[in-house]
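One structure below.
A, B, ... follow the sequence lines: proteins, then strands. Residue 1 opens every chain.
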Amino acid sequence: AQSVSQHNHHVILSEAASLELGCNYSYGGTVNLFWYVQYPGQHLQLLLKYFSGDPLVKGIKGFEAEFIKSKFSFNLRKPSVQWSDTAEYFCAVSPNSGYSTLTFGKGTMLLVSP
Amino acid sequence: EAQVTQNPRYLITVTGKKLTVTCSQNMNHEYMSWYRQDPGLGLRQIYYSMNVEVTDKGDVPEGYKVSRKEKRNFPLILESPSPNQTSLYFCASKSRGAGTGELFFGEGSRLTVL
């Protein structure tokens, strides 16, 4: 079975700082990778996803992530965070096969101070 | 509007009193799933369903039941709730098959068991 590890449980940044959230997964086959965001009091929403092709994927709100297959990693980045990026971020992995299910990491809580 | 609808959104109950949390989606998705979210533990899958009449256990199925009699509905049943089932529950759905599909989440149901 697949598993996901997120390196940081809590991250505190000032506005305009750069962000990188680590995500590593464990699975022997081809995977699909996702980052979801949960703003305070809301449900999870998709930020970006990787299926195949260019390992650098761009999502909404200026976020991007890079899939490094050799490192089993899918780190999330943003050059300059805003106060409105305060949220919890979840990395998720799914085997790229029929009838597969998603496994989530434990999440990283990002607090951006104005 | 495409959505996943859960009810109730908030519920306080007592130990042993059976309850059902409903989930309905209007996107004709084959796959549906229930997660619980607890601080520091992220999202853990309870049960999932690949299609009508097909359900499987997730990572934490103990104390829960589900059914999938219709494609749009996937209720979560707690036959005899206990305090350790106090949690935030999310229903989600996606199109069938490979994990390429985006998972759409409901708004969440916050359950407290006294």
Side-chain angles (χ1 to χ4, degrees), chain A residues 1-10 21 23-27 29-53 57 59-60 67 74 87-110, chain B residues 2-7 9-10 21 23 25 27 29-52 54-61 66 68 74 88-110:
Chain A
Q2 66 271 26
S3 65
V4 180
S5 174
Q6 292 184 238
H7 306 159
N8 309 98
H9 295 300
H10 295 91
L21 300 182
C23 172
N24 285 90
Y25 69 92
S26 174
Y27 184 73
T30 305
V31 295
N32 300 309
L33 296 154
F34 306 81
W35 275 98
Y36 282 83
V37 60
Q38 185 179 29
Y39 297 104
Q42 297 189 24
H43 63 289
L44 277 79
Q45 305 168 46
L46 185 68
L47 260 185
L48 48 79
K49 57 189 176 186
Y50 171 82
F51 298 156
S52 63
V57 293
I60 60 172
F67 170 49
F74 191 55
E88 190 158 18
Y89 293 81
F90 293 92
C91 182
V93 64
S94 176
N96 185 19
S97 62
Y99 300 93
S100 57
T101 190
L102 268 72
T103 299
F104 287 84
K106 293 186 177 180
T108 297
M109 184 66 218
L110 171 65
Chain B
Q3 59 185 4
V4 179
T5 304
Q6 298 178 225
N7 280 295
R9 295 287 313 282
Y10 301 91
V21 185
C23 174
Q25 51 92 7
M27 295 168 278
H29 285 164
E30 293 85 359
Y31 177 98
M32 297 186 74
S33 180
W34 276 102
Y35 293 86
R36 60 177 289 175
Q37 184 178 18
D38 301 289
L41 298 178
L43 279 86
R44 294 179 293 169
Q45 191 175 49
I46 303 171
Y47 270 94
Y48 63 98
S49 169
M50 291 293 186
N51 214 327
V52 176
V54 180
T55 63
D56 278 298
K57 295 178 180 179
D59 299 317
V60 288
V66 292
R68 189 87 183 276
F74 190 46
L88 178 59
Y89 292 86
F90 287 101
C91 180
S93 72
K94 69 180 178 77
S95 58
R96 186 179 68 181
T100 54
E102 174 186 349
L103 203 57
F104 291 85
F105 283 86
E107 297 287 336
S109 296
R110 186 168 292 281

Output the distance between atom CD (A:Gln45) and atom CD (B:Glu102), rounded to the nearest 0.5 Å.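 CD of B:Glu102 is found 9.5 Å from CD of A:Gln45.
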
Once you round to the nearest 0.5 Å, how far does CG of B:Leu43 lie from OG1 of A:Thr103?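 Rounded to the nearest 0.5 Å, the CG-OG1 separation comes out at 11.0 Å.
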
Not counting sequence neighbours, which residues clear ring pair (Phe, Tyr, Trp, His ring centres under 6.0 Å) with A:Tyr36? List them please. A:Phe104, B:Phe105

Chain B contact via A:Glu88 - which portion, at a heavy-atom distance below 4.5 Å: side chain

Heavy-atom proximity to chain B below 4.5 Å, by part of A:Gln38: side chain

Residue of the set B:Tyr48, B:Tyr31, B:Tyr35 for which side-chain contact (heavy atoms from CB on, under 4.5 Å) holds with A:Leu102: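 It is B:Tyr35; the other options fail the test.
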
Should we count CZ of B:Arg110 as having more than 12 external heavy atoms under 6.0 Å? no

Contacts of B:Asp38 meeting side-chain contact (heavy atoms from CB on, under 4.5 Å) (sequence neighbours excluded), chain-then-number -> B:Arg36, B:Leu41, B:Arg44, B:Ser87

What part of B:Phe104 gets closer than 4.5 Å to chain A, counting heavy atoms only: side chain, backbone, both or neither? neither

Strictly by modelled atom types, are A:Gln42 and B:Glu107 linked by a side-chain donor-acceptor pair under 3.5 Å?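 No, no side-chain donor-acceptor contact under 3.5 Å.
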
